[in-house]
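Encoded as structure tokens, the structure appears first; notes follow it.
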Amino acid sequence: MSKLGNIGARLYRGEVGYDFIGKRKIWYGLSILITITAIVGLAVRGLNMGIEFSGGAVFTTPKTSVSASQAQHQAESAAGGHQATVQKLGGGSGGPLRIQISGLDTKQALPVQEELAKDLNVQVKDVNTQLVGPSWGEEIANKAWLGLGIFMVLVVLYLAIAFEWRMALAALVALIHDLTITVGVYALVGFEVTPGTVIGLLTILGYSLYDTVVVFDSLKEASKDITKQTRFTYSEIANRSINSTLVRSINTTVVALLPVAGLLFVGGGVLGAGMLNDISLALFVGLAAGAYSSIFIATPLVAELKSREPQMKALTKRVQAKRAAAAAKEADQEGPRADAEDADAEDADGAAVVGPRQQPASRNRGRGRPSGKRR
């Protein structure tokens, strides 16, 4: 068995473990710090909305030797200062360009098309133009918010029925936590928000929920008839549930992150496939945040909410009383045992010192006494 498999087996059996629940305030503080950073980045920099949401025009040029940076400068100059995003299509230095400029309407698109054709030294008819109205982008955004709201409601209802309302609340907090961090990273990095980004955000919610449900299912099974025993408190059982599923959560997250990392860093970074960045960044950040929240946020929050119940408080008192009684009994047993060991040690020391001294004295007394026959 591999070392990781051996550790996983020991974690599952409860032989080793880490106190996730006991250190929950540390995880809460770290999550609050990350969330505040994401919110500040979102408030200061804002989201770089694509033309699908803000409206604008997309120009596709034929093959040209102009670089993407030069084309971006020329496009922004032709558009009168509107922000432009340029992507090189295909490999090599002579590929076509995809230039998207936000905020352009139909009247502004034609002069920009002519100016771009002149600057890039191509025919005007060879520059393909597509216009996207802001109303269409607004419709997409509204449908995305609607889908997100429906998803959240269904998640809460399912978890409340399958488990309990405390787990549903904790899962909802974890999902909001993951969304906030992912959107904040988008604002800080400056990646463009497209419909692919929305698809990525909705996808990571499913991954995050999966990890959370795995831990919750283990916790539900382990806490069945918990009030009938006095060995563990609810927080301790929750901690054992996290540890027993820890290796599984790590393995599934790493396996899911590897192809997404290849899509983001190799496809988007090395190969320059910028359109892949929209969905891959959301998946990469969301998967990592989802694995973190299921272990460090959702389950500790459930344990904290559950420990406030009167039944769980009474259970905690019984467990502590039993452990105190066991400790006192062990201490009482250790007392006589220690006294007996001290007495044995003293007897051994006395025999070692007195014994040898008495033997010569007895021999001398035997030799000095006159016998009756000699008299």
Side-chain angles (χ1 to χ4, degrees), residues 27 30-32 34-39 41-42 47-50 52-53 140-141 143-159 167-217 245-246 248-269 273-299 301:
W27 319 133
L30 182 60
S31 295
I32 291 174
I34 296 175
T35 304
I36 291 176
T37 303
I39 293 175
L42 183 62
L47 292 174
N48 181 19
M49 305 300 292
E52 293 86 356
F53 297 101
I140 291 181
K143 289 183 177 180
W145 283 112
L146 179 61
L148 180 61
I150 294 175
F151 177 84
M152 291 291 191
V153 172
L154 293 177
V155 164
V156 172
L157 290 177
Y158 167 75
L159 292 179
M167 292 184 177
L169 177 61
L172 181 61
V173 171
L175 291 178
I176 296 175
H177 167 272
D178 300 340
L179 280 176
T180 304
I181 291 178
T182 306
V183 173
V185 170
Y186 257 87
L188 293 173
V189 175
F191 276 22
E192 190 177 37
V193 178
T194 65
T197 305
V198 177
I199 295 174
L201 290 175
L202 295 176
T203 303
I204 65 172
L205 296 180
Y207 277 103
S208 175
L209 186 63
Y210 169 78
D211 286 336
T212 303
V213 168
V214 167
V215 182
F216 283 179
D217 185 67
T245 58
L246 181 61
R248 177 181 178 180
S249 299
I250 293 176
N251 288 336
T252 55
T253 303
V254 170
V255 169
L257 281 177
L258 287 177
V260 176
L263 191 68
L264 176 61
F265 298 107
V266 179
M275 296 178 65
L276 299 176
N277 292 335
D278 303 340
I279 188 171
S280 59
L281 180 63
L283 290 176
F284 187 83
V285 177
L287 286 174
Y292 171 85
S293 64
S294 63
I295 297 173
F296 297 97
I297 302 299
T299 309
L301 184 57

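Numbering of residues begins at 1 and proceeds along the displayed sequence. Predicted model only: the values in this text are computed from it and were never measured.
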Inset, instruction - Starting at CD1 of Ile199, measure out to CD1 of Ile204 and round the result to the nearest 0.5 Å. - result: 13.0 Å
Inset, instruction - Using the six-membered ring wherever Trp is involved, compare the ring planes of Phe296 and Trp27 and label them parallel, tilted or perpendicular (cut-offs 30° and 60°). - result: perpendicular
Inset, instruction - Heavy atoms only: give me the nearest Thr253-Leu287 pair and the separation to one decimal. - result: CG2-O, 4.1 Å
Legend entry - Heavy-atom closest pair, residues Met167 and Phe216: O-CE1, 3.3 Å
Inset, instruction - Evaluate the side-chain proximity of Leu172 to Val155: yes if any heavy-atom separation is below 4.5 Å, no if none is. - result: no
Legend entry - Partners meeting side-chain hydrogen bond (donor to acceptor under 3.5 Å, both in side chains) with Asp211 (sequence neighbours left out): none
Legend entry - CA sep, side-chain torsions, deciding dist, call: Leu179, Leu148, side-chain contact (heavy atoms from CB on, under 4.5 Å): CA-CA 11 Å; Leu179 280 176; Leu148 180 61; 3.8 Å; yes
Legend entry - Residue list, side-chain hydrogen bond (donor to acceptor under 3.5 Å, both in side chains) with Ser294, at least two apart or on another chain: none
Legend entry - Test item: Leu209 and Leu159 side chains (from C-beta on) under 4.5 Å apart, heavy atoms: yes
Inset, instruction - Locate the shortest heavy-atom distance separating Val260 from Ser280; write the atom from each residue and the value. - result: CG1-O, 3.5 Å
Inset, instruction - Look up atom CZ in Phe284 and atom CG in Leu258, then write down how far apart they are to the nearest 0.5 Å. - result: 9.5 Å
Legend entry - Value rounded to 0.5 Å, distance of CD1 in Ile250 from CG in Leu257: 12.0 Å
Legend entry - pair Thr203-Ile279: side-chain heavy atoms closer than 4.5 Å: no
Legend entry - Candidate pair Tyr292 and Ser31, rule side-chain hydrogen bond (donor to acceptor under 3.5 Å, both in side chains), full reasoning: CA-CA 9 Å; Tyr292 171 85; Ser31 295; 3.2 Å; yes
Inset, instruction - Work out which heavy atom in Gly200 is nearest to a heavy atom in Leu283; give both atom names and the distance. - result: O-CD2, 3.9 Å
Legend entry - Pairwise distance CD1(Ile295) to OG1(Thr245) - rounded to 0.5 angstrom: 7.0 Å
Inset, instruction - Answer yes or no: is there a donor N or O on one side and an acceptor on the other, between the side chain of Thr180 and the main chain of Ile176, under 3.5 Å? - result: yes
Legend entry - Nearest heavy atoms of Ala170 and Leu301, plus distance in Å: CA-CD2, 3.8 Å
Inset, instruction - Search all heavy atoms of Gly290 against all heavy atoms of Ser293 and return the closest pair with its distance. - result: O-OG, 3.0 Å
Legend entry - Side-chain heavy-atom pair Leu154, Phe151 within 4.5 angstrom cut-off: no
